[in-house]
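These notes are about the structure you will find just below.
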Amino acid sequence: MPVGALSIGPAKETNEKFDVLVVGAGIIGLSCAYHIKSENPDLRVIVLDKAAAAGQGDTAKSAGAFRNVFTSEVNRLLADTGIDFYRHVQEDLGFNLDITFVGYLWLLTSEEFRRLEALVDSVRKEGVHVKIWEREDLRDMISGMNMDFEGDEEARLLGLGSIFKGLQGIKCGTVSPDLIANFYEQESKKMGGLIKYNTKVESLLLESASKLGIPGEPLIWQDKKIVGVKTKNGNLFAETIVVAAGRWSSQILDGVGIDARMKPKKRQIFSLKSPKIEELLNTKGFNKYDVLPFTILPRAGVFIRPERGERGFWVGAADDLGRPFLFEEDPQAERDYYTYSMYPILSKCFPHFKDVSPTNMWAGQYDINTLDANPYIFEEAGVIVAAGLSGSGIMKADAVGRIVAALYAKKEHADLYGGREIKVSRLGVTERNLGIERFVL
Ligand SMILES: Cc1cc2nc3c(=O)[nH]c(=O)nc-3n(C[C@H](O)[C@H](O)[C@H](O)COP(=O)(O)OP(=O)(O)OC[C@H]3O[C@@H](n4cnc5c(N)ncnc54)[C@H](O)[C@@H]3O)c2cc1C
């Protein structure tokens, strides 16, 4: 039976009953469980995951970067409060998350800069700290970077325009998704939260509100709700099920006719190191760590992420048109994709990468909300769905957990970290009116 198909026929009954059952021990499911349990210490909350440990899905594949610079105001709010919370966990609670504020640096052509000017003004008014670097500054600070492509035939072919200015997001940087997942897991357990690994949810259990014992129940005229999940080791029941299974969410929900409203798309990361790129890594002047920020090149969303521990960079790209929406259980990175798609742009802007090959590579999938690329959080038939994180779930996980906890408590507004709040229904389906996110990397 495919995952998510409605389970019919006899199943082993464990009769274990919980108040809340979360499907998925990625960063989103763990944050949901943590916030629900913190607000309701007496509830029996359990998280199930088919993997053997926390955060083994796309949480482990992530580039682990964060930023509060988005085109959608809601995405800015979710990420900004999440960053504040992670900083609080590290600085006040003493739980190391490897958080470093290296910044995000967009290298922009004059055309791109002009397109973004209005956005820069409006985010500044909101208090988002962004700095504009003049091209002369960039030239002085980033040794060996190519900025002028005028008359360069190869650059013309690649569609690379000359770099006009740099835009740096200051409250941006890198963090360890593993450590965040561990934090939520450990703290949930301390409060009495339960986690079961190696437990795959085969399907959701749909039942009629009042069973009559007629064959084929639940029938279309009966009120019904999701009452539990089927696993190989038996059924587990809960008042509320939270589906936070990232790119697997559709598989689980499709079988009962609930739409997760996301599509999976592959993204790849390549890890590179060599003395030549170490020099680039140690670029001074942008942050207190004296490393090049997470930098986005002016073509195809190719980015380089400083990896101080490995003394190199992780490289990725905003893969879009031409990359199919195609679910893969275990996507693999493609060396040719690095060689023919990313490398020409990368080595053109940063000759430091010339002839350097990846030492490691991996791939995961974004669960893309194709409508507006903001998360979806809604309740239907006893299931709360938290999906569509669209490639920025690490930085938004804390806010998403709080919104799910508020939705569970039937509150109109969710309290986000740092005293800010958001109307829960804004992330839902029927009252949704969010700006389209254009900064998906
Ligand atoms: C290459 C790449 C780079 C990224 N870079 C960034 C970044 O820099 N910053 C950022 O914020 N975000 C980034 N992201 C996105 C981020 O990784 C995701 O948004 C985030 O991890 C989603 O978390 P999740 O908990 O929803 O999903 P996951 O971490 O995938 O967790 C889902 C869990 O559900 C479990 N599961 C699935 N099906 C079942 C089942 N039937 N039964 C039981 N368990 C099940 C899986 O085992 C998995 O553990 C990146 C993603 C990728 C792929």
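In this chain, numbering begins with 1 at the start of the sequence shown. Every heavy atom of this structure was used, including side-chain atoms; hydrogens, water molecules and symmetry mates were not. Read the numbers this way: they start at 1 and go in the same order the structure lists the ligands and their atoms.
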Which of the numbered atoms in ligand 1 are below 4.0 angstrom from a heavy atom of [X]?
{"X": "Ile28", "value": "23 (O), 24 (P), 25 (O), 26 (O)"}
{"X": "Gly364", "value": "53 (C)"}
{"X": "Gln365", "value": "53 (C)"}
{"X": "Lys61", "value": "1 (C), 2 (C), 3 (C)"}
{"X": "Gly246", "value": "26 (O), 27 (O), 32 (C)"}

>> Side chain, backbone, both or neither: which applies to Leu389 and ligand 1 if a contact is any heavy-atom pair less than 4.0 Å apart?
In response: side chain
> Where does Arg247 meet ligand 1, judged by heavy-atom distances below 4.0 Å: at the side chain, the backbone, both, or neither?
Replying inline: neither
>> Per the ring-ring contact (aromatic ring centres under 6.0 Å, His included) rule, what does the pair list look like for residues 34-62, sequence neighbours excluded?
In response: Tyr34-Phe183, Tyr34-Tyr184
Does [X] qualify as a cation-pi partner of [Y], given the criterion of NZ or CZ under 6.0 Å from the six-membered ring centre and within 45 degrees of its axis?
{"X": "Arg67", "Y": "Phe70", "answer": "yes"}
{"X": "Arg335", "Y": "Tyr340", "answer": "no"}
{"X": "Lys165", "Y": "Phe113", "answer": "yes"}
{"X": "Arg402", "Y": "Phe85", "answer": "yes"}

Strictly under 4.0 Å, does any heavy atom of [X] approach an atom of ligand 1?
{"X": "Thr199", "result": "yes"}
{"X": "Gly391", "result": "yes"}
{"X": "Tyr366", "result": "yes"}

> Out of Val201, Ile27, Ile269, who gets a non-hydrogen atom closest to atom 42 (N) of ligand 1?
Replying inline: Val201
> Quick one: which of Gly388, Ala245, Gly57 has a heavy atom closest to atom 32 (C) of ligand 1?
Replying inline: Ala245
Below 3.5 angstrom, do we get any N/O pair linking [X] and ligand 1?
{"X": "Gln56", "value": "no"}
{"X": "Ala63", "value": "yes"}
{"X": "Gly24", "value": "no"}
{"X": "Ile394", "value": "yes"}
{"X": "Asp49", "value": "yes"}
{"X": "Gly393", "value": "yes"}

Ring-ring centroid check [X] [Y], cutoff 6.0 Å:
{"X": "Phe353", "Y": "Phe313", "value": "yes"}
{"X": "Phe101", "Y": "Phe66", "value": "yes"}
{"X": "Trp133", "Y": "Trp106", "value": "no"}

>> Apply salt bridge (Lys or Arg N to Asp or Glu O under 4.0 Å) to residues Asp372 and Arg432 and explain how you reach the verdict.
In response: CA-CA 10 Å; Asp372 58 29; Arg432 194 173 183 88; 2.8 Å; yes
> Which atom pair, heavy atoms only, marks the closest approach of Glu112 to Leu107?
Replying inline: OE1-O, 3.9 Å
> Can Glu202 and Lys232 be counted as an ion pair, charged N to O under 4.0 angstrom?
Replying inline: yes
